[in-house]
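So the structure is just underneath, and the comments pick up after that.
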Amino acid sequence: MQDDASPFDVAAPEEAHRFPCDQCGADLRFDADAGELKCDHCGNVVTIEGHGGSATSIVELDFKVALEAKLPDAEIEETRVSSCPNCGAQVEFDADTHAAECPFCATPVVTDTGTHRHIKPKGLLPFGVEEREAREAMNKWLGRLWFAPNGLQNYARKGRKMSGIYVPYWTFDADTKSRYRGEHGTVYYVTKTVMRDGKQVQVREQRVRWRPASGRVARFFDDVLVLASRSLPKRFTDGLAPWDLAALEPYRPEYLAGFRAEGYTVELTDGYEEARHHMDQVILRDVKFDIGGDRQRVHSVDTTVSDVTFKHILLPVWLAAYKYRGKTFRFVVNGRSGKVQGERPWSWIKITLAVIVVALVAGAIGFIASQSQ
């Protein structure tokens, strides 16, 4: 049975960051398995200086200095980007690429749409999963989907190439001290006599004894991670977690060889606001733990935040965007762990047939049962 679906439209990705091979002049690419630059034309291998270094060597930036627009010029860069008219993604391209397809939503874009002045990345997680491994993980995920259109399965079997994208994130560090007021609740029970069905019965009734509580909690937050892109649904990127941030490498453009990098579209202040929301939730949990007891009521929390630092980092994602009946669907694969998230269309033909089959089976069982009686 075939669905009356339109073909899936996916173009092969353009390579944005190019490093010529010193042996033959062909483009080098970053090899995730070896952690080196490799030339697929002549086999030449180039070691990336400092690869395998410690994430502790990545210097955080002062948040207050950034808010006052006083970051040194060395921390700012300007890149040529394409702004997708459909999803708003800002994807970097090299000077030789003039037209391509948005890797996030498969919309054709013209690449000379301007430049993006932004805070430089401080670190990144290099790809640890090759494209073929990411495609295999995606195909397994697709194979587990019930009621997907046949065209979707055909897409998986064709094995079209996925785009390797470095997605922007912010991380925030902060020292917090909080004072709180609330109530400590202790659960206790009383025995009462009540009437039930004309009889007196004793029941235990739960009650809570409350008493005032106040105190202080402190917590240092390290690398609170905030997505700095609006191009992908947040439920996808959240679903790719966790990320091994301890393995961050100091940023070097060589890691981008053969890949694209998206410019951030969530500004630093908006990213910090989301990070503070996360911190507040953790602080509230700490306060409840500090109050203790069986139940807790929190009336107020006054938090002082100091020593706020941040960094702009890039995390690796394999992405495939396809169009089905005019709507864009996407798969994303964690470029380190191979974890898959994605959207899927539903085949209403298959669903309808399944409902009919279930109804027929139920009817047959009912008929047999009535005959046996």
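Listed for the His312 side chain is no donor-acceptor partner under 3.5 Å among the backbone atoms of Lys122. In this structure, Tyr272 contributes its side chain and Phe310 its backbone to no donor-acceptor pair below 3.5 Å. Side chain of Glu131 to main chain of Met162: a donor-acceptor pair is present (N/O by atom type, distance under 3.5 Å, no hydrogens or angles).
Of all heavy-atom pairs spanning Leu314 and Ala261, the tightest one is CD1-CB, 4.5 Å.
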Could you list the donor-acceptor pairs under 3.5 angstrom formed by side chains in residues 59-70, with sequence neighbours left out?
residue, atom, partner, partner atom, Å
Glu60, OE2, Lys311, NZ, 2.7
Asp62, OD1, Lys64, N, 2.9
Asp62, OD1, Val65, N, 3.0

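Side-chain contact of His184 with Gln296: a donor-acceptor pair under 3.5 Å is absent, judged by distance alone.
For residues 286-305, no pair satisfies ring pair (Phe, Tyr, Trp, His ring centres under 6.0 Å), with sequence neighbours left out. Counting only residues at least two apart or in different chains, side-chain hydrogen bond (donor to acceptor under 3.5 Å, both in side chains) contacts with residues 208-221 comprise Arg219-Asp286. Pairs engaging residues 289-305 under the salt bridge (Lys or Arg N to Asp or Glu O under 4.0 Å) rule: Glu183-Arg297 [sequence neighbours left out].
Legend: residues meeting salt bridge (Lys or Arg N to Asp or Glu O under 4.0 Å) with Glu36, ordered by chain and number and at least two apart, are absent. Not counting sequence neighbours, Asp173 has no partner by the side-chain hydrogen bond (donor to acceptor under 3.5 Å, both in side chains) test. Residues meeting the side-chain hydrogen bond (donor to acceptor under 3.5 Å, both in side chains) test with Asp175, sequence neighbours left out: Lys177. In this view, Ala275 and Phe172, Val224, Val226, Met279 satisfy the side chain to side chain contact (heavy atoms under 4.5 Å, CB included) rule, not counting sequence neighbours. With sequence neighbours excluded, the residues satisfying salt bridge (Lys or Arg N to Asp or Glu O under 4.0 Å) with Asp238 are Lys234. By the side-chain hydrogen bond (donor to acceptor under 3.5 Å, both in side chains) test, Ser178 is found to be paired with Thr303, residues two or more places apart in sequence or in another chain being considered. In this structure, the side-chain hydrogen bond (donor to acceptor under 3.5 Å, both in side chains) partners of Arg207, at least two apart in sequence or on a different chain, are Glu205.
Clustering ILVMFWY residues whenever any of their side-chain heavy atoms sit less than 4.5 angstrom apart, transitively, puts Leu227 in a cluster other than the one holding Val266.
Here the side chains of Val332 and Thr237 are not in contact, with every heavy-atom distance at 4.5 Å or above. Annotation: side chain of Phe30 is in contact with side chain of Leu37 (closest heavy-atom distance under 4.5 Å).
Side-chain contacts under 4.5 Å among hydrophobic residues (ILVMFWY), followed directly or transitively, place Val190 together with Tyr188.
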